[in-house]
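These notes are about the structure you will find just below.
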Amino acid sequence: MSILGEILNWSKTLEPWQQDAIARLYAERALTDVDKAHVYALLQASAGIPDPEKREPRVIDNADVAAALVPNRVVQLLSIKNLERVNALAEKQTLPIGAMGLTVIYGPNGAGKSGYSRVLKQACRARQPGKRILDDARRPPDARPQPAKASFDVLVDGEKAELAWTFGQASPEQLSELAIFDAECARAYVDNDGDFAYSPYGLDIIRDLVKLCDEFTARLRKEKADNVPNKDQFAALAATKTKVGQALVQLEKHSPQAIEELASLTEEQAARLQLLSRALGETDSKAKAQLLRGQAGRFEALATRISEKMALVSDEAAASLRALIEKSNGAKEAAKLAAKAFEDRPNQLDGTGGEQWKALFKAAREFAVQAGHPAHLAAARPEERCPLCQNAVGAEGSERLAAFDAFVEQVAQKAADTAHAEAMQAYNAIKQSSLDLLFDENLSGELANVHADAAVWCGSAQMQLRARQAAIVAAAAQKGKWEDVAPFAQDAREALGRLVAVRREEALALEKTIDERERAMLALEHVELDARRRLAEVKDAVLETLRRFDYSARVEKCLTATRSNALSTKSTSISNEIALEPVAKLLNDEMKLLNVHTLRAKMKPETLRGETKYKLVLELPGGARPSDILSEGEQRAIAIASFLTEMQLGGAKGGIVFDDPVSSLDHVRRERVAKRLAREALSRQVIVFTHDLYFFNTLRAEAEEQGAPLAYQSLRRAQEGFGIPDPQLPFLGQKTKERVGKLRELHAACKKAEADDIAYRREVLNLYGHMRMTWEKAVEELLLNNVIQRFDPRVQTGRLEQVEVSPEDYRIVDKNMTTCSKFTGHDNAVHAAVELPTAEELLEQIDELDKWRQSLDARIKGKK
């Protein structure tokens, strides 16, 4: 089993916080302060110390770790395709990769190269998976997030297969055989002794976990020292023979909730404490009790009067009066309509139906009754005489008298009269009500002495009652508005009720103090309540002390959990299984190839608990501390050497991927790395991502020189997104032949724009800029046979044998460079007046360059 596999199985037996730490160390190589804070919070939570952020442990999973190698199996990557939701990478792209030899993928900064490398790190279960793959930030804010996806075409022992991958899900185990190198893969480190020590990947995870435990132990000891409980602030209260005193003596056995409850007095309990204090301090209890009961009676009577008077002008009374008035007005209008209909009858004298007429008719009806005539004039027959005119009624008169009687007796008028009477009764009840509260100066002063606000409220109540009475009467008489009737303000009755209850309760307590037995019981009650009051005054100090008791106990649990004995034992057990001497030889060979041969790996003995062990360290000239003298470039070279050493130790035969391996390296070491990778590409698939165009050219040259198969792609960005594969390199990375092909593409653009002067000028100037660079490249690459190359410190004198510069070469180069210079490298005002060549003339210049290139190429090959 691999070291990682053994650590994985062993980690599953550890506490969740330790599993979280191992998962982070596996994923991130080194723990940040945020990581440490997270793990520390989990450690504390395991001992019951609450975490305000409620963090959850990050447990390492089998799918996170590279699967165990299958002996002699070869996995090669053919392409990365069908990318979805990977940063801002264009979707549905295919990045082809050579099955054998060296594949170089060039992309300038911002082209999308890091997106592909992140996918590879996650899918291949790299040792440092790197940052989380996020969705495209340019998507609409309300777009539902989806996990990143990709597919991989691979060869598994020569058989083609397509492997699908989704971020967050288990990756296909075959991809684990592809090894990934980046800046975080350095397995060398400066240890506690100042040695730049090497440790095979995985063993340093335990070492870092031990260091983390030691760091946590120091922190916990300090926290425990800072949280020593102290009872001095409430020692006197703890000495009292009360429930509070007993609780404080055994404080660590109580919960904060119990202390909170014990220190909390309700309003009733606080009032009871004050009452007992007054009662127990009174000298003439009987007289004081009588005084309090008399006062309670007066206050109670005042409250009763307020209730009675408020009811007379209450909102309900006002609303009832308003409703009666509205009812009366409605009935009156109905009666008017009935009267109007009667008055409109034909052949009636003026005034018929009026009040005087009604009086006359009623008098006649009464006379008829008293005189023995029909009870109602409405019943008079035609032959009977009228009691007024003494003439016969007649048929018409009989009908008219019946109509008159019906009008006088009509329901509408009676209803109007009844409603009017009811409204007047309610109106007079409010208008004539006496609202005097009998709140005289003596009663006001007495109340003010015990409750100033209540005295003010009662005085205000008297004015409010009269103001409401006047407002209601005015509104009823249509001299004001009902909305002007102001609501009652502060109601004094509740305060008066409390005063009455308190006085009667205090009177009862005073009466009890007269009896010695009752007085003793009151005194005990007072002592307990007062102790709780005093506890409330020091409650914060008590709770803090209780917190410290609890926290110290939990910290002690954490200290037990951070003991690193078991971790050190496990590390020793794994170390004993590693043969370090072969590792030292491989590492020294690799460092020599990468031009860090001044450093040597050696076995260093050290004694731990009486037993001699060995560790692999780097030996530096002069015995200096490695951390003081190793440059960033040297550390990167050591990292590459360590990575390649482990590739050999592991026996893996699958492809290896390098993500920007030469950052921080100078030109000499870049060439060494290029040479080493080209050599590795002779026996396995090597994939290199780089943004360094010089390094790309160096890799290409080394691959050609050593005969390693070479493939390359460049990445660019376009409207549809980043990371679009392109089999052509950027212009600056192309050889002369490839650049001539680009010139022909630019010529096509010129020809297309020929009808537009402005567009044509722009395209021509662009073409001449590229043509000038192509002539310069041709001189470097072909005329001078790459004897001297830009950014290359070497002068390859062996290539001089094929170099021949004829007068005709000089003439052709000078003529064409002069032409290009007319349109490039000068201020626009200079070449703006220069006549532009036609598209045909441009093509002739490109053909001349291509013909000269071919002749030089043939000349060089003929001299080899």
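Reckoned from all heavy atoms, side chains included, excluding hydrogens, waters and symmetry mates. Quick caveat: nothing in here was measured; it's all calculated off a predicted structure.
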Salt bridge (Lys or Arg N to Asp or Glu O under 4.0 Å) partners of D51, counting only residues at least two apart | R55
Looking just at side-chain N and O atoms, do [X] and [Y] make a donor-acceptor pair shorter than 3.5 Å?
| X | Y | value |
| --- | --- | --- |
| T32 | D35 | yes |
| R58 | H38 | no |
| E590 | Q648 | yes |
| Y116 | Q93 | no |
| E215 | Y40 | no |

From [X] [atom1] over to [Y] [atom2], what is the distance, rounded to the nearest 0.5 angstrom?
| X | Y | atom1 | atom2 | value |
| --- | --- | --- | --- | --- |
| M647 | S642 | CE | OG | 11.0 Å |
| I180 | R118 | CD1 | CZ | 14.5 Å |
| S117 | Q122 | OG | CD | 10.5 Å |
| L102 | I97 | CG | CD1 | 11.5 Å |
| T645 | F643 | OG1 | CZ | 10.5 Å |
| D659 | I687 | CG | CD1 | 11.5 Å |

Side-chain donor/acceptor of [X] to backbone N/O of [Y], under 3.5 Å:
| X | Y | result |
| --- | --- | --- |
| R73 | D157 | no |
| S151 | A164 | no |
| Q19 | L14 | yes |
| E177 | G655 | no |
| T13 | N9 | no |
| R554 | A47 | yes |

Only one of L665, T690, D660, V104 clears side chain to side chain contact (heavy atoms under 4.5 Å, CB included) with F695; which?
-> T690
Side-chain contact, heavy-atom cut-off 4.5 Å: [X] with [Y]?
| X | Y | answer |
| --- | --- | --- |
| L644 | R676 | yes |
| L220 | T562 | yes |
| L593 | R672 | no |
| L78 | L155 | yes |
| P16 | L42 | no |
| S79 | T94 | yes |
| W165 | F152 | yes |
| L83 | K92 | no |

If you look at every heavy atom in [X] and [Y], which pair is closest and at what distance?
| X | Y | value |
| --- | --- | --- |
| A21 | L209 | CB-CD1, 3.7 Å |
| A641 | L594 | N-CD1, 3.7 Å |
| W17 | C213 | CH2-SG, 3.8 Å |
| P725 | L715 | CA-CD2, 4.0 Å |
| I105 | K113 | O-CD, 4.3 Å |
| A681 | A708 | CB-CB, 4.2 Å |

Inspect the surroundings of CZ in R679 and state if more than 12 heavy atoms from other residues, nucleotides or ligands are less than 6.0 Å away.
-> no
Salt-bridge contact [X]-[Y] (side-chain N to carboxylate O under 4.0 Å):
| X | Y | answer |
| --- | --- | --- |
| K675 | E671 | no |
| K160 | D153 | no |
| E162 | K81 | yes |
| R219 | E223 | yes |

Pair F689-F658, ring pair (Phe, Tyr, Trp, His ring centres under 6.0 Å): steps then yes or no | CA-CA 6 Å; F689 287 86; F658 290 85; over 10 Å; no
Run the side chain to side chain contact (heavy atoms under 4.5 Å, CB included) check on K653 and R684 step by step: do they pass?
-> CA-CA 7 Å; K653 297 181 180 181; R684 72 160 82 208; 5.7 Å; no
Take L120 and L175, measure what side chain to side chain contact (heavy atoms under 4.5 Å, CB included) needs, and give me the verdict at the end.
-> CA-CA 9 Å; L120 279 171; L175 293 177; over 6 Å; no
Applying side chain to side chain contact (heavy atoms under 4.5 Å, CB included), run through T103 and V686 and close with a yes or a no.
-> CA-CA 6 Å; T103 298; V686 177; over 6 Å; no
Using the side chain to side chain contact (heavy atoms under 4.5 Å, CB included) rule, take F167 and V86 through it: C-alpha gap first, then chi angles, then the decisive distance, then the call.
-> CA-CA 9 Å; F167 182 70; V86 178; over 6 Å; no
Would you sort out whether Y551 and Q44 count as a side chain to side chain donor-acceptor pair (under 3.5 Å), showing the intermediate values?
-> CA-CA 10 Å; Y551 191 75; Q44 290 184 307; 3.2 Å; yes
